[in-house]
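To keep things clear, I will list the structure first and then write my remarks on it.
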Amino acid sequence: MMSVLAANEGLVTAARAGDERAFVELTSPHRAALHIHCYRLLGSLHDADDALQEALLRAWKGIDRYEPRAPVSAWLFRITTNVCLRMLERRVRDRAISVDALLEPYPDPVAPASSEPPACVESDEAVGLAFIAAMRLLPPKQRVVLVLRDVLDWSAREVAELLDDSDAAVNSALQRARARVAAEQREGSLARAHRPASAEVEALVMQRFQDAWKAVDIDGILALLTADAVLTMPPEGMRFDGAGAIANFFATVPLGGRLDRIRLVPRRANGQPALAAYAESPEAGAYEAYGVMVFAGITGFPRQLELFGRLGLPAEITH
């Protein structure tokens with residue numbers, strides 16, 4: 001059987017000769033992991049799409065500089081990381097973009113970004129909404145260092161070479177990034193870490209939440225929330241702290257508290273349970289896409305129609 005290395009060499013040779021199909025075959029096994037890498041760094045599905053497209057274009061144009069003895073994945077991750085770093089630096093220059101303006105959930109399934117175990121961030125936590133939200137508070141270089149070192153398990157030397165920096169500078173940036181992310185995850189100002197006791201307990205709680213919602217049982221919803229629960233809506237900058245405040249929000253805001261006019265459809269995003277909400281539309285005789293709640297605490301994403309498509313859901317339902 002032809003080895004992976006020999007097969008890659010053949011694809012590289014063909015791609016260098018202008019065979020685009022060979023390039024697609026060479027890079028396709030890595031595209032899902034690269035897209036997640038872009039999302040971790042950028043926090044936005046739209047930006048991740050753009051970054052991946054740009055990275056693959058650069059790889060295609062620079063295929064002559066690829067050395068087949070090196071892993072294809074490492075070469076692609078280097079190109080993709082540089083693309084994301086440039087995008088992050090442009091954001092810094094555009095001060096009109098707020099920290100959470102572009103934060104979006106990542107629909108499951110989530111593929112692992114590396115076959116190597118991460119150094120300090122568990123693979124599920126590395127796509128968790130709390131981690132992604134905390135990452136958005138870091139300067140561009142610290143984001144890159146944290147992901148490469150703690151998620152992809154790169155060495156300090158490898159990161160330093162990519163960033164044209166010293167090992168000491170990389171290690172310093174890593175320590176600052178770890179401290180900032182840990183503080184944000186403790187505070188949960190944008191999203192809370194999701195750590196269910198078990199899959200069974202998680203499923204039971206989510207079913208009880210949906211049952212209470214359907215019955216407009218605000219006390220039932222309140223009973224499922226912890227005292228320090230938080231509800232955030234990053235795109236709109238809204239935040240409600242504590243079970244009482246969240247219950248009052250549900251009792252008064254979504255369609256004036258008429259939760260029975262909102263249908264919930266279970267999904268998962270960022271490795272966490274999520275509920276897609278459809279609001280009754282008497283004029284249309286159907287239920288239209290209304291918003292998505294990801295249970296990292298509760299993080300709401302209202303009126304993002306494209307997100308429903310990403311979750312494999314229609315724009316409206318009839319029941």
Side-chain angles (χ1 to χ4, degrees), residues 104-110 122-125 127-133 188 191-234 238-281 286-305 307-319:
E104 296 171 310
Y106 197 99
D108 284 6
V110 175
E122 297 296 332
S123 58
D124 57 344
E125 291 182 354
V127 291
L129 205 56
F131 178 71
I132 300 301
R192 292 281 171 85
H194 175 72
R195 298 186 180 90
S198 68
E200 292 75 16
V201 170
E202 177 183 89
L204 178 61
V205 171
M206 292 304 299
Q207 187 58 57
R208 287 178 175 173
F209 183 92
Q210 293 171 74
D211 291 343
W213 183 284
K214 185 176 181 179
V216 197
D217 181 4
I218 300 301
D219 288 338
I221 292 176
L222 179 62
L224 294 171
L225 302 173
T226 59
D228 63 345
V230 60
L231 166 64
T232 59
M233 293 186 183
M238 298 175 67
R239 178 186 175 95
F240 301 89
D241 287 285
I246 296 172
N248 183 65
F249 170 82
F250 286 136
T252 58
V253 178
L255 298 191
R258 289 293 308 276
L259 303 186
D260 55 318
R261 294 179 56 201
I262 301 174
R263 296 288 183 264
L264 300 180
V265 177
R267 277 296 185 273
R268 292 189 69 84
N270 298 82
Q272 300 157 193
L275 293 171
Y278 288 86
E280 183 181 19
S281 175
Y287 292 84
E288 299 177 339
Y290 185 67
V292 174
M293 293 180 286
V294 179
F295 284 75
I298 302 176
T299 308
F301 298 88
R303 299 177 181 84
Q304 295 191 24
L305 183 58
L307 181 55
F308 280 71
R310 296 269 196 167
L311 289 166
L313 292 167
E316 66 177 36
I317 57 178
T318 57
H319 57 80

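You'll find the side chain of L259 reaches within 4.5 Å of the side chain of I221, heavy atoms only. In this structure, Q210 and P266 have side chains that are in contact, with non-hydrogen atoms separated by less than 4.5 Å. Within the 4.5 Å cutoff, side-chain heavy atoms of M206 are placed close to those of L275. Counting heavy atoms from C-beta on, the side chains of L307 and E104 never come closer than 4.5 Å. The side-chain heavy atoms of I132 and Y106, taken from C-beta on, include no pair separated by under 4.5 Å. Here the side chains of D241 and R239 are in contact, with some heavy-atom distance below 4.5 Å.
Pairing each heavy atom of R267 with each of G312, the nearest pair is NH2-O, 3.6 Å. Nearest heavy atoms, A276 versus F308: CB-CE2, 3.7 Å. Scanning both residues, Y287 and R263, for their nearest heavy atoms gives OH-NH2, 3.0 Å. P105 and L129 get closest at one heavy-atom pair: CA-CD1, 4.2 Å. Looking at every heavy atom in both residues, G220 comes nearest to A212 through C-CB, 4.0 Å.
Sorted by first and then second residue, the pairs that involve residues 200-209 and meet side chain to side chain donor-acceptor pair (under 3.5 Å), not counting sequence neighbours, are H194-E202, S198-E200, E202-R268, Q207-D211.
Between atom CD of residue E280 and atom CZ of residue R261 there is a gap of 5.0 Å, rounded to the nearest 0.5 Å. Distance CZ/F295 to CG/L231: 9.5 Å, rounded to 0.5 Å. With rounding to the nearest 0.5 angstrom, the CG atom of L305 is 15.0 Å from the OH atom of Y290.
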Working for side chain to side chain contact (heavy atoms under 4.5 Å, CB included), residues L313 and Y278:
CA-CA 11 Å; L313 292 167; Y278 288 86; 3.2 Å; yes
Trace of the side chain to side chain contact (heavy atoms under 4.5 Å, CB included) decision for L225 with I298:
CA-CA 10 Å; L225 302 173; I298 302 176; 4.1 Å; yes
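With hydrogens and angles ignored, the 3.5 Å screen pairs a side-chain donor or acceptor of D108 with a backbone N or O of N270.
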Expected list for residues 243-258: side-chain donor-acceptor pairs under 3.5 angstrom, two or more places apart:
| from | atom 1 | to | atom 2 | distance (Å) |
| --- | --- | --- | --- | --- |
| T252 | OG1 | N248 | O | 2.7 |
| R258 | NE | D260 | OD1 | 3.0 |
| R258 | NH2 | D260 | OD2 | 2.8 |

